[in-house]
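Accompanying notes for the structure given below.
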Number of protein chains: 2
Amino acid sequence: MTVPASRDASHTPSTLRHVMALLRVTAACGARGAGIDDYLDATELSRPTIYRLLKGLREEGFLRPSPLRHRYLLGYELLVLGAEAGNGAQLRDLARPRLLALAQRLGGSFYLFAHDGRHAVCLEIQNGAYPVGGFVASIGGRVPLGVGQASIALLASLEARERAWILEANRECLMRDYAIDVDAVRREIDYCHAHGHARGVEGSSLPEFTGLAMPLLGPGERCLGAFSCSLLKSRLSEAHRATLITAMASEVAGLKADLHGLLQPGS
Amino acid sequence: MTVPASRDASHTPSTLRHVMALLRVTAACGARGAGIDDYLDATELSRPTIYRLLKGLREEGFLRPSPLRHRYLLGYELLVLGAEAGNGAQLRDLARPRLLALAQRLGGSFYLFAHDGRHAVCLEIQNGAYPVGGFVASIGGRVPLGVGQASIALLASLEARERAWILEANRECLMRDYAIDVDAVRREIDYCHAHGHARGVEGSSLPEFTGLAMPLLGPGERCLGAFSCSLLKSRLSEAHRATLITAMASEVAGLKADLHGLLQPGS
DNA sequence: CCGCCGTGTCTCGTATAGCGAGACGAATTT
DNA sequence: AAATTCGTCTCGCTATACGAGACACGGCGG
């Protein structure tokens with residue numbers, strides 16, 4: 001149960017850091033919930049303080065009691081805020097019907113991803129008639145940039161400087177956890193620049209599947225996210241592939257048009 | 001932009017309350033993001049304090065800058081925590097494939113709901129070939145208990161005392177916001193007790209749709225959640241209806257079996 | 001039945017640490 | 001250029017969150 005541990009030495013209100021630490025500990029304990037000892041071990045707070053904060057968090061709906069007595073789970077308030085967080089600039093709401101249309105028409109699983117620091121987070125999933133698992137199983141899933149097609153599309157649409165430090169920062173963990181070589185990622189990024197979409201990356205841990213991803217650029221080349229899909233390799237004939245690319249490109253273009261309308265001043 | 005406003009007078013660490021207030025303000029401002037004035041208006045904090053807290057929240061990943069300058073959106077860390085929060089006791093992960101199977105086989109939209117205080121929250125959605133909107137559009141959506149079939153199923157599986165206070169607490173808001181009479185809700189709860197499932201409630205604001213919901217009981221009658229679905233009324237023939245009920249009941253039973261295995265002590 | 005954990009709450013004195021007022025630099029706007 | 005707004009910083013003050021320890025509750029086993 002290693003918790004990311006917010007970098008110290010920053011002098012932000014300590015209660016804030018403590019609270020977030022408690023939430024992360026709870027998250028790290030997963031479905032079983034976190035007990036006092038988990039908190040005592042993971043933080044440097046005294047018992048009364050921990051209880052005080054836990055109580056506050058419960059009252060705010062950020063924690064709830066686990067079915068197992070004396071343990072805590074993350075509260076549904078977080079789910080609600082999380083849903084809102086995943087809908088920045090209305091991106092998810094606008095993308096959902098388009099992903100659904102793609103999924104129903106083409107079978108397979110379609111994803112919306114966004115860029116977050118060194119990671120790609122999944123904002124939405126729609127499954128078609130032949131759904132397949134991907135690296136993330138659900139909304140809120142997160143992978144280091146470099147893993148999966150969507151990552152490639154996102155990286156390709158970032159500015160060079162940022163892309164460079166991300167790849168450097170992720171090099172070790174990509175190799176260690178996913179057996180992915182950063183140079184291979186770079187080649188796929190070039191492919192994406194040339195063709196406008198990213199291919200499924202071979203050599204990954206999911207050999208029977210393949211996929212495709214497309215970046216979603218806002219005004220001024222700003223990277224807003226990426227569409228992505230996973231399919232059974234056996235279902236991706238040459239003709240099907242062309243259809244898929246056209247259909248995704250069309251939905252991406254449509255979404256971009258929707259967004260351009262909204263990003264202007266407005267009320 | 002009215003924010004729930006955490007009940008005061010409780011002496012939990014004030015920074016905690018402030019932080020949560022800021023998050024809620026940000027959420028209330030939606031896709032456009034929240035500006036300083038929003039925070040200044042909604043809280044009673046001084047400007048330097050707000051900036052301090054905002055900075056801390058950004059560093060922790062709970063806030064991020066909006067594309068519109070000088071505004072803040074909820075950060076993706078919340079999305080990740082929210083995903084975890086929605087998976088208490090592995091409920092979502094276990095339910096997802098079952099919901100997907102139902103959706104693909106029967107068309108329509110299938111939901112997993114959980115009980116949270118006076119509300120029902122949506123934990124998962126899977127859409128089939130003929131998806132329809134419901135009261136909640138996405139994971140993390142929340143409605144007062146009493147609205148929709150899933151609410152009925154949840155209420156029916158709570159103990160009488162809790163059910164009573166919830167209905168009383170929601171009476172006014174159900175009538176005002178949804179034109180739903182609590183007595184009608186009570187009748188549907190009786191129906192659910194008698195038949196094991198809840199019908200779509202008529203008179204709601206979505207007349208062409210209908211649906212069905214089933215409670216999900218854990219060991220000791222504890223209410224864990226509810227399966228629910230929405231369908232176009234025109235597609236729900238008598239025969240289809242029987243199939244639907246059987247299929248849902250079967251998936252619910254399967255899920256219950258899965259859960260019973262997990263709720264034992266374990267490691 | 002009684003004593004023994006472990007959990008959750010409370011009191012209280014202390015010093016920390018977060019707060020407000022205001023000034024300052026930077027970035028935009030007119 | 002002047003003016004406005006945004007974000008940060010400094011600096012005292014005191015509110016306030018913290019830790020130590022004691023207390024209450026409840027379950028478990030002897």
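Order of the sequence lines sets the chain letters (A, B, ...), proteins ahead of strands, with each chain counted from 1. These numbers come from the heavy atoms of this one structure, side chains and all, not from hydrogens, waters or symmetry mates.
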Value in whole Å for how far the [atom2] atom of [N] lies from [atom1] of [X]:
X       : N      : atom1 : atom2 : answer
B/Leu45 : C/dG18 : CG    : P     : 14 Å
B/Arg17 : D/dT16 : CZ    : P     : 9 Å
B/Arg47 : D/dT5  : CZ    : P     : 10 Å
A/Leu53 : D/dT16 : CG    : P     : 16 Å
A/Arg58 : C/dT7  : CZ    : P     : 14 Å
A/Ile50 : D/dA20 : CD1   : P     : 12 Å
B/Leu16 : D/dA17 : CG    : P     : 10 Å

Within the structure, does a side-chain N or O atom of [X] lie under 4.0 Å from either OP1 or OP2 of [N]?
X       : N      : result
B/Tyr51 : D/dG7  : yes
B/His70 : D/dT5  : no
A/Ser14 : D/dA17 : no
A/His18 : D/dA17 : no
A/Lys55 : C/dT7  : no

Student check: side-chain heavy atoms of [X] and [Y] closer than 4.5 Å:
X        : Y        : answer
B/Leu255 : B/Leu224 : no
A/Leu79  : A/Leu74  : no
B/Arg32  : B/Arg71  : yes

Any luck finding a side-chain donor-acceptor pair between A/Arg52 and A/Thr49 under 3.5 Å?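 Judged by distance alone, the side chains do pair up.
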Rounded distance [0.5 Å steps], CZ in A/Arg186 versus CZ in A/Arg163: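 Rounded to the nearest 0.5 Å, the CZ-CZ separation comes to 9.0 Å.
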Nearest to the side chain of B/Ser46, which nucleotide is it out of C/dT7, C/dG20, D/dA17?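 Shortest atom-to-atom distance from the side chain points to C/dG20.
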With heavy atoms under 4.0 Å as the rule, sort [X] into base, sugar-phosphate or nothing.
X       : value
A/Tyr72 : sugar-phosphate
B/Arg69 : nothing
A/Leu54 : nothing

Run the salt-bridge test on A/Arg98 and A/Glu124 with the 4.0 Å N-O cut-off and return the result as yes or no. no
Pairs under 3.5 Å (N/O, protein and nucleotides 11-14 of chain C):
none

Find which nucleotide of DNA chain C each of B/Thr15 and A/Ile36 is nearest to by heavy atoms, and output the residue with the more 5' nucleotide. A/Ile36
Distance under 6.0 Å and angle within 45° of ring axis: A/Arg64 vs A/Tyr76: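 Yes, a cation-pi geometry.
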